[in-house]
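To start, the structure itself, in structure tokens.
Residue numbers run from 1 in the order of the sequence given. Keep in mind the model is a prediction, meaning the values are calculated, not measured.
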Amino acid sequence: MTLTPRPYQTQAIHDIRAAFKAGARRVCFVLATGGGKTMISSLIGAGLHGNGKKAIYLGHRTEIVFQLGAALRKVAVPFSYLTAATIGMPRASILVASMPTLHRRKQRIPFEPDLLFVDECHHSRSRTWEEVIHHFPKAKVVGLTATPCRLDGKGLGDVFDTLVEGPDTAELIADGFLSDFQVYAPKPPNLTGVH
């Protein structure tokens with residue numbers, strides 16, 4: 001199946017590659033929810049596969065792992081899953097892995113990836129994520145997130161070298177790539193006299 005990326009997705013791929021060419025080793029890519037971060041990463045993966053390179057895609061939840069796999073199938077990239085249910089060690093050069101499983105089995109991965117994709121990379125400050133990223137020191141890293149900030153206020157600057165930003169939600173709505181929305185919320189309760 002041939003997929004035609006949207007213009008901003010093509011630009012994002014170009015910008016990520018340009019960041020690596022400029023010397024970055026770890027790129028945090030930010031794009032609004034629904035903008036197609038997974039599709040962008042799968043298109044990059046298709047290029048890697050076509051050039052005989054190796055990659056690992058990391059997701060922290062089962063749903064994300066299977067979304068990553070579905071996106072790679074759409075661009076005809078052969079891959080293997082590495083999840084808790086996986087028996088043995090997959091041999092494909094593109095691996096879609098559950099973060100907890102890869103953390104437990106990282107010593108047994110049969111290759112050093114050229115590129116490591118970290119979905120929901122705002123989690124990458126945790127010890128588990130850092131251990132996995134540091135386990136592959138030669139790999140370049142692409143972190144994917146819609147929210148490049150953490151609730152605890154810690155930045156991602158010690159994990160990523162540079163930030164590449166795609167269009168925000170308002171731009172994607174204006175260009176017709178996302179639906180507009182309305183927010184409804186109840187009125188705050190009257191707490192007068194409440195102790």
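- At distances below 3.5 Å, at least one donor-acceptor pair connects side-chain atoms of N190 with backbone N or O atoms of T192.
- Here S179 contributes atom OG and L172 contributes atom CG; the two are 11.5 Å apart, rounded to the nearest 0.5 Å.
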- Message: As a quick check of understanding, evaluate side-chain contact (heavy atoms from CB on, under 4.5 Å) for V77 and S42, giving each step before the final call.
- Response: CA-CA 8 Å; V77 173; S42 69; over 6 Å; no
- Query: Can F79 and Y57 be said to form a ring-ring contact (aromatic ring centres under 6.0 Å, His included), step by step?
  - Reply: CA-CA 10 Å; F79 68 92; Y57 289 76; 8.5 Å; no
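- Here the closest heavy-atom approach between residue I40 and residue A12 is recorded as CD1-CB, 3.8 Å.
- The backbone N or O of V132 lies less than 3.5 Å from no partner atom in the side chain of K106, so there is not a single donor-acceptor pair.
- No donor-acceptor distance shorter than 3.5 angstrom exists from the side chain of D119 to the backbone of G59, with no hydrogens or angles considered.
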- Give the intermediate values and the outcome of side-chain contact (heavy atoms from CB on, under 4.5 Å) for residues M39 and R6. CA-CA 10 Å; M39 186 51 59; R6 296 170 175 172; over 6 Å; no
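- Between F20 and V142, some side-chain heavy-atom pair lies under the 4.5 Å cut-off.
- Residues L31 and P167 have side chains in contact (heavy-atom distance under 4.5 Å, counting atoms from C-beta outward).
- Between the R25 side chain and the K138 main chain, a donor and an acceptor come within less than 3.5 Å of each other.
- Annotation: the span from Q11 atom CD to I16 atom CD1 amounts to 10.5 Å, rounded to 0.5 Å.
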- Task: Take T128 and H103 through the side chain to side chain donor-acceptor pair (under 3.5 Å) test and state the conclusion after the steps.
- Result: CA-CA 7 Å; T128 303; H103 182 255; 4.6 Å; no
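- Between H60 and E120, the closest heavy-atom pair is CE1-CG, 3.6 Å.
- V141 and V30 fall into different hydrophobic clusters, where Ile, Leu, Val, Met, Phe, Trp and Tyr side chains are chained together by heavy-atom contacts under 4.5 Å.
- Taken from CD1 in I64 to OG1 in T38, the straight-line distance is 8.0 Å, to the nearest 0.5 Å.
- With hydrophobic clusters built from ILVMFWY side chains whose heavy atoms lie under 4.5 angstrom apart, I173 does not share a cluster with Y184.
- How far CZ of F160 is from CZ of F29: 13.0 Å, rounded to the nearest 0.5 Å.
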- Given D175 and Y8, is the side-chain contact (heavy atoms from CB on, under 4.5 Å) satisfied, shown in steps? CA-CA 10 Å; D175 292 341; Y8 69 87; over 6 Å; no
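- Contact record, I94 with P78: CB-O, 3.6 Å, taken as the closest heavy-atom pair.
- When all heavy atoms of S80 and A92 are compared, the pair lying nearest together is OG-CB, 3.2 Å.
- Taking CD1 of I44 as the reference point, atom CD of Q9 lies at 10.5 Å (rounded to 0.5 Å).
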- Task: Using the side-chain contact (heavy atoms from CB on, under 4.5 Å) rule, take F117 and L48 through it: C-alpha gap first, then chi angles, then the decisive distance, then the call.
- Result: CA-CA 12 Å; F117 292 93; L48 290 169; 4.1 Å; yes
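- A distance of 5.0 Å separates CG of L102 from CD1 of I109, quoted to the nearest 0.5 Å.
- Between the side chain of N51 and the backbone N or O of K53 there is no donor-acceptor pair closer than 3.5 Å.
- Considering only heavy atoms from C-beta on, H122 stays 4.5 Å or farther from C28 through its side chain.
- Minimum heavy-atom separation, E130 to V159: OE2-CG2, 4.4 Å.
- Connection of L144 to L163 is not established within any shared hydrophobic cluster, with ILVMFWY side chains joined at heavy-atom distances below 4.5 Å, either directly or through further cluster members.
- With hydrogens and angles ignored, the 3.5 Å screen pairs no side-chain donor or acceptor of T83 with any backbone N or O of S98.
- Contact annotation: the side chain of H49 never approaches that of V75 to less than 4.5 Å [non-hydrogen atoms, C-beta and beyond].
- Counting all heavy atoms, side chain and backbone alike, A32 lies closest to T169 at CB-OG1, 3.3 Å.
- For the pair F66/V96, no side-chain contact is recorded, criterion being any heavy-atom separation below 4.5 Å from C-beta on.
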